[in-house]
Amino acid sequence: MKVITVKNFISLNTLILSVILLTTPHLAFADEQNDGGLVQKSWFVEGRYQKSLSETDGFYDADTGATGIVSATGQSFDNLDSIGVAVGRYFNDGKANLSLGYETFGTVNKKFVTATARNGGVSNNAVMPMDISNIMFELSYNVPISANMFAIGLIGLGQSTISSKQYSVTGATGLGVAKEVKNTSSRFGLGLGYNVSEKVQIIALAQSSKYGDAEVNAGTAANPSAFTNKVGAIEASIRIRLAF
């Protein structure tokens, strides 16, 4: 599992914004037409890329018998990055906005180096694949720092869809029964933004997102039970907004 410290979490925003400013030295939009650098349109479309920096650990096996998993080592997701699009509306002279977005992760694998059952049996190299998508309403507020720069805070609430697939361990594949679940998802983020023009914004966020639980029916054929994995991450999000 990737680990991110509080220091790195804060430094991430500073680094991304510095890159933005260094790569756009020729832009100078602090003129009298643009009040505080705020966009002058009502609606926007947004493209976003979200890089997972640290993922949530945690699982629960509903199997209370001898084969139920009680401990594990080496929990990790191989790739919890996502891309997405959104459409939204500005309010309060561009300082506040509400958007509806769709994000897709593709196929994500949750991995365990070892998993130990109640009876002492150990499974090695478990791989649990799942397809993840997320629909989310987000409310954000911008606080101008300068003519073209602003700080931004964001909260989000939505619904994720996680479709598990059959899983594998060393020596066995095609285990369990796939299951699709829908969860309430949530998000909190802080970051910095830059008004490239009256229509274009670039935003860099460090955010915490919770996507709910993934489930696969495991156990035995006579006594199937849900094996649940928590899905969530600390993410770096880069967003480009085009107002219209």
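Everything numeric in this text was worked out from a predicted model, so none of it was measured.
Considering OG of Ser164 and CZ of Phe227, their distance stands at 11.5 Å, rounded to 0.5 Å. A distance of 6.0 Å separates CG of Leu205 from CG of Leu154, quoted to the nearest 0.5 Å. Taken from OG1 in Thr184 to NZ in Lys210, the straight-line distance is 12.5 Å, to the nearest 0.5 Å. Distance check: Asp78 CG to Glu55 CD gives 9.0 Å after rounding to the nearest 0.5 Å. Between Asn142 atom CG and Ile152 atom CD1 the span is 4.5 Å, to the nearest 0.5 Å. Summarising the geometry, atom CE belonging to Met128 is positioned 10.0 Å from atom CD belonging to Gln75; distances are rounded to the nearest 0.5 Å.
Looking at Phe77 and Met130, their side chains come closer than 4.5 Å, going by heavy atoms from C-beta outward. The shortest distance between side-chain heavy atoms of Tyr194 and Ile203 does not fall below 4.5 Å. Residues Tyr211 and Thr56 are not in side-chain contact: their nearest non-hydrogen atoms beyond the backbone lie 4.5 Å or more apart. At a threshold of 4.5 Å between non-hydrogen side-chain atoms, the residues Val231 and Leu80 count as touching. By the 4.5 Å heavy-atom criterion applied to side chains, Phe59 and Lys230 are not counted as neighbours. Contact check for Leu192 versus Ile145: side-chain heavy atoms found under the 4.5 Å cut-off. For the pair Val169/Leu175, a side-chain contact is recorded, criterion being any heavy-atom separation below 4.5 Å from C-beta on. Side chains of Lys165 and Thr107 form a contact here, defined as non-hydrogen atoms less than 4.5 Å apart.
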Pair Phe112, Thr73 - check side-chain contact (heavy atoms from CB on, under 4.5 Å), show working. CA-CA 6 Å; Phe112 298 86; Thr73 64; over 6 Å; no
What verdict does the side-chain contact (heavy atoms from CB on, under 4.5 Å) test give for Gln201 and Phe150, after you've listed the backbone C-alpha separation in whole Å, the side-chain angles of each residue and the deciding distance to 0.1 Å? CA-CA 10 Å; Gln201 292 179 326; Phe150 56 90; 3.6 Å; yes
Tell me, with the steps shown, if Ser52 and Asp81 meet side chain to side chain donor-acceptor pair (under 3.5 Å). CA-CA 5 Å; Ser52 175; Asp81 302 345; 4.8 Å; no
side-chain contact (heavy atoms from CB on, under 4.5 Å) for Thr161 and Glu180? Distances and angles first, verdict last. CA-CA 7 Å; Thr161 300; Glu180 179 178 290; 3.7 Å; yes
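Donor-acceptor pairing under 3.5 Å is lacking for the side chains of Ser82 and Glu103. Using a 3.5 Å distance cut-off with no hydrogens or angles, the side chains of Gln50 and Gln207 do pair a donor with an acceptor. For the residue pair Thr228 and Asp213, no side-chain donor N or O sits within less than 3.5 Å of a side-chain acceptor on the partner. Side-chain contact of Asn124 with Thr114: a donor-acceptor pair under 3.5 Å is absent, judged by distance alone. Looking only at atom types and distance, the side chain of Asn134 has a donor-acceptor partner in the side chain of Ser185 under 3.5 Å away. Side-chain atoms of Thr104 and Ser133 form no donor-acceptor pair, as typed in the model, at a separation below 3.5 Å.
Among all heavy-atom pairs drawn from Asp63 and Ser225, the shortest one is CB-OG, 3.1 Å. When all heavy atoms of Tyr90 and Ala243 are compared, the pair lying nearest together is CE1-CB, 4.0 Å. Contact detail for Gly58 and Lys110: the closest heavy-atom pair is O-NZ, 3.7 Å. Asn195 and Ala147 make their closest contact through ND2-O, 4.4 Å (heavy atoms, listed as atom of the first residue, atom of the second, distance). For Val177 against Val216, the heavy-atom pair with the smallest separation is O-CG2, 3.3 Å. What you find for Tyr49 and Ile83 is that their closest heavy atoms are CD1-CG2, 3.8 Å.
Ile202 and Val143 end up in different hydrophobic clusters when Ile, Leu, Val, Met, Phe, Trp and Tyr side chains are linked at under 4.5 Å. Cluster membership check: Phe91 shares its hydrophobic cluster with Ile155, using side-chain heavy-atom separations under 4.5 Å among Ile, Leu, Val, Met, Phe, Trp and Tyr. Criterion: ILVMFWY side-chain heavy atoms under 4.5 Å apart, direct or through other members. Under it, Val181 and Phe105 are part of a common hydrophobic cluster. Placement of Val200 and Trp43 within a single hydrophobic cluster is found when ILVMFWY residues are connected by side-chain heavy-atom separations under 4.5 Å, directly or transitively. Note on Met136 and Leu98: separate hydrophobic clusters, where clusters join Ile, Leu, Val, Met, Phe, Trp and Tyr whose side-chain heavy atoms are under 4.5 Å apart, directly or indirectly.
A salt bridge between Arg239 and Glu138 is present, with a side-chain N of the basic residue lying under 4.0 Å from a carboxylate O of the acidic one. The existence of a salt bridge linking Arg48 and Glu235 is excluded, since no basic side-chain nitrogen approaches an acidic carboxylate oxygen closer than 4.0 Å.
For Phe137, the CZ atom is loosely surrounded, since the number of other residues' heavy atoms within 6.0 Å does not exceed 12.
Between the Asn183 side chain and the Gly212 main chain, no donor and acceptor come within less than 3.5 Å of each other. No donor-acceptor pair under 3.5 Å is formed between the side chain of Ser99 and the backbone N or O of Val87.
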